2 protein chains.
Amino acid sequence: MSGDMLTISDRIQQKLDDLTRAERQLALSILENYPASGLGPLTALAKDADVSVPTVARMVQKLGYKGYPEFQAELREELRAKAKDPIAKHDTWAEAAPSEHMLNRFTDAVIGNIRHTLGQIDPAAFDAACGLVGDPARHLYIVGGRITHTLAEYLFLHMQVIRPNLTHVQSTSNSWPHYLLNAKKGDVFIIFDVRRYENNTLKLAEMAHARGAEIILFTDQWRSPVHQLATHSFSSRIVVPSAWDSAATTMLLVETMIGSVQNLHWDETKARMEELEDMFDQTRLFRKFT
Amino acid sequence: MSGDMLTISDRIQQKLDDLTRAERQLALSILENYPASGLGPLTALAKDADVSVPTVARMVQKLGYKGYPEFQAELREELRAKAKDPIAKHDTWAEAAPSEHMLNRFTDAVIGNIRHTLGQIDPAAFDAACGLVGDPARHLYIVGGRITHTLAEYLFLHMQVIRPNLTHVQSTSNSWPHYLLNAKKGDVFIIFDVRRYENNTLKLAEMAHARGAEIILFTDQWRSPVHQLATHSFSSRIVVPSAWDSAATTMLLVETMIGSVQNLHWDETKARMEELEDMFDQTRLFRKFT
DNA sequence: ACAATTGTGAAAAATTTATCACAAGTGAAC
DNA sequence: GTTCACTTGTGATAAATTTTTCACAATTGT
């Protein structure tokens, strides 16, 4: 064998720390669609990664190759070896781990959940729900339970940037009745309720419903009793090889909703985002881009 | 796309009959270890197939390409495409919606993120990290930032059931220095930090590191500066068609970790879970299973 | 303000590709 | 056995492309 067991991908990741900003950007670009981009001409790679030609030349040498052609040669060798290798099992996600490894079993389950969930979703209902959520004239209440309040808050944090006039309610807190005092007809409640379904959440939903509010429910495949009150319900499959349920699929739906709603009033959202950025800059809460 | 669906491999096999002896010999050599050999220089390919250089040049044109570089470019494109969607392509996810619908675009992106992320994860590091997290002798601190504290809390809520001796710290709060007073050598910090990377989080990590604690970092593909202090880092790809990033992949990793750690001491975990169930029953917080 | 990083534009060096003319080889037909 | 049409390799060369390197300016973080 000409080389060691390390793939170039491994080697790049190992060296990632020793690389400078532009070089890292280049490295990630190589990994992004590996190994195709590294097999083209140097200039194309540079343009692809949005770095200059010398940067590529410099990094390749930093990685220990005499020049770009040598680097490419090893990439090809690797590709050749991989194709030859009978263990080209493409059904595992973490290729370095056996398929029985938790990483692969879990990922399998989650992908399956996503497939199943998306297959059953009604796009029209989803769009309608996004329309409700994006309407700034309606006050938006986001409600989560013991575990799901984390998802609720995730949604809340993003919605806060997209639109005004919203509240995060934790149904397990005993202060939620106060919020409902202000709820009025036409307001929107996004409610998260997965097993085990919470009594408080149901009561809250009933009162919201009684006041004429629209309810959008995120639940699991067995559907929280809240769904009878809901204008739109979205059920995720949540089974994983664990004693607990998976929130990953629900998270996907939530993020999709964020993405959709943001598009409804993109101009305003953009303005709000920029304003937020400015404020962050002033508080120096975040690091400058390195 | 301008090109047809045929791979170069297909195209070669189709034309195999129209080719002359030397050309066929060349063609078979290309297919022999495909596509690696076609990606090297023309001369190498000629030598490999034991034909002359003009033969290669002639055949490439016979196949319909303007020249060898064009042939190579298509090979690379093919490789790129193949790496991109080993699983997708067949069906849209939300079948009732067009593939341009946000539901499908978003899901595509997240599935791609998962695949990419899992492909780069080191299972040994993951197992080692789970070992640290599952060790009840070490105090466990879970740290999140402005957005990521939701993930942190999700992890915290589950870990709370699995093991004692843990704390949820929000790095954006200004009370976190108090927690660090108690941190000692061997303790474990699980830190979430994705862009934009937060100064507070970095400071916290530095102090934890100075006290000899082990740091496990969940970050994005650009990697928070905290990773230099971390014992184990796990980077998720987080790009989605939205103005924000996706936490879904990180969520998957977190849940997998929960699943793995729970297995390490399943007996105790089970006992704790049952105890928790009892307490919930007494508080009548949840609905009885219907 | 300083040091390190990075891009620019350009030019030189190296490699690769494309062609050419011609000789050698092949096999089928007569 | 000879001829003929066709294929292939050789060696050389021109053209094109790619790689490498340079000095210097712009940028960035400290």
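Nothing here was measured: the structure is a model prediction, and the numbers come from that model. Note on naming: letters A, B, ... go to the chains in the order of the sequence lines (proteins, then strands), and numbering restarts at 1 for each one.
- Checking the phosphate oxygens (OP1, OP2) of dT8(D), a side-chain nitrogen or oxygen of Thr20(B) falls inside 4.0 Å.
- Side-chain nitrogen and oxygen atoms of Thr55(A) include none within less than 4.0 Å of the OP1 or OP2 phosphate oxygen of dT5(C).
- The aromatic rings of Tyr65(B) and Phe71(B) stand perpendicular to each other, their planes meeting at an angle above 60°, with 30° marking the opposite boundary.
- Here Gln61(A) does not reach the OP1 or OP2 of dT20(D): none of its side-chain N or O atoms lies under 4.0 Å away.
- The terminal axes of the helix from dA1(C)-dT30(D) to dC30(C)-dG1(D), fitted over 5 pairs per end, subtend an angle of 40° to the nearest 10°.
- Look at CD on Gln25(A): it is 17 Å from P on dT27(D), rounded to the nearest Å.
- Closest heavy-atom contact between Ser235(B) and Thr117(B): O-CG2, 3.3 Å.
- Atom CZ of Arg58(A) and atom P of dT8(C) are 12 Å apart (whole Å).
- At whole-Å resolution of the value, OH in Tyr65(A) and P in dT20(D) are 14 Å apart.
- When only modelled atom types and interatomic distance are considered, Ser171(B) and Thr201(B) share a side-chain donor-acceptor pair under 3.5 Å.
- Residues Asn182(B) and Tyr141(B) have side chains that never bring a donor and an acceptor to within less than 3.5 angstrom of each other.
- When heavy atoms are screened at a 4.0 angstrom cut-off, Glu70(B) is found touching no nucleic acid atom at all.
- Contact check on Glu77(A) versus Arg80(A) returns a salt bridge, with a Lys/Arg side-chain nitrogen under 4.0 Å from an Asp/Glu carboxylate oxygen.
- Distances from the side chain of Pro54(A) to the nucleotides dC22(D), dG9(D), dT19(D) place dC22(D) closest.
- The distance between atom CG of Leu26(B) and atom C1' of dG9(D), rounded to the nearest whole Å, is 14 Å.
- Closest approach to the Tyr68(B) side chain among dA18(C), dG9(D), dT6(C) is made by dA18(C) (side chain taken as heavy atoms from C-beta onward).
- Rounded to whole angstrom, the span from the CZ atom of Phe71(B) across to the P atom of dT17(C) amounts to 12 Å.
- Counting only heavy atoms from C-beta on, Ala57(A) has its side chain closest to dT21(D) among dT19(D), dT17(C), dT21(D).
- Listed by first and then second residue, the side chain to side chain donor-acceptor pair (under 3.5 Å) pairs that reach into residues 50-60 of chain B are Ser52(B)-Thr55(B), sequence neighbours excluded.
- For Glu23(A) and Thr20(A), the side-chain atoms include at least one donor-acceptor pair closer than 3.5 Å.
- Among the heavy atoms of the strands lying under 4.0 Å from Arg21(B) are primed sugar atoms or P, OP1, OP2 only; no base atom is included.
- Between the side chains of Glu78(B) and Tyr34(B), at least one donor N or O sits under 3.5 Å from an acceptor N or O.
- Between Val53(A) and Gln72(B), it is Val53(A) whose nearest contact on DNA chain C lies nearer the 5' terminus.
- To the nearest angstrom, P of dA4(C) lies 13 Å from NZ of Lys62(A).
- Of the listed nucleotides (dT8(C), dT19(D), dT17(C)), dT17(C) has the atom at the smallest distance from the side chain of Pro41(B).
- Between the NZ atom of Lys47(A) and the C1' atom of dT8(C) there is a distance of 15 Å, rounded to whole Å.
- Residue Leu42(B) has its side chain nearest to dA18(C) when only dT19(D), dA18(C), dT16(C) are considered.
- We find that CG of Leu63(B) is positioned 13 Å from P of dA18(C), with the value rounded to whole Å.
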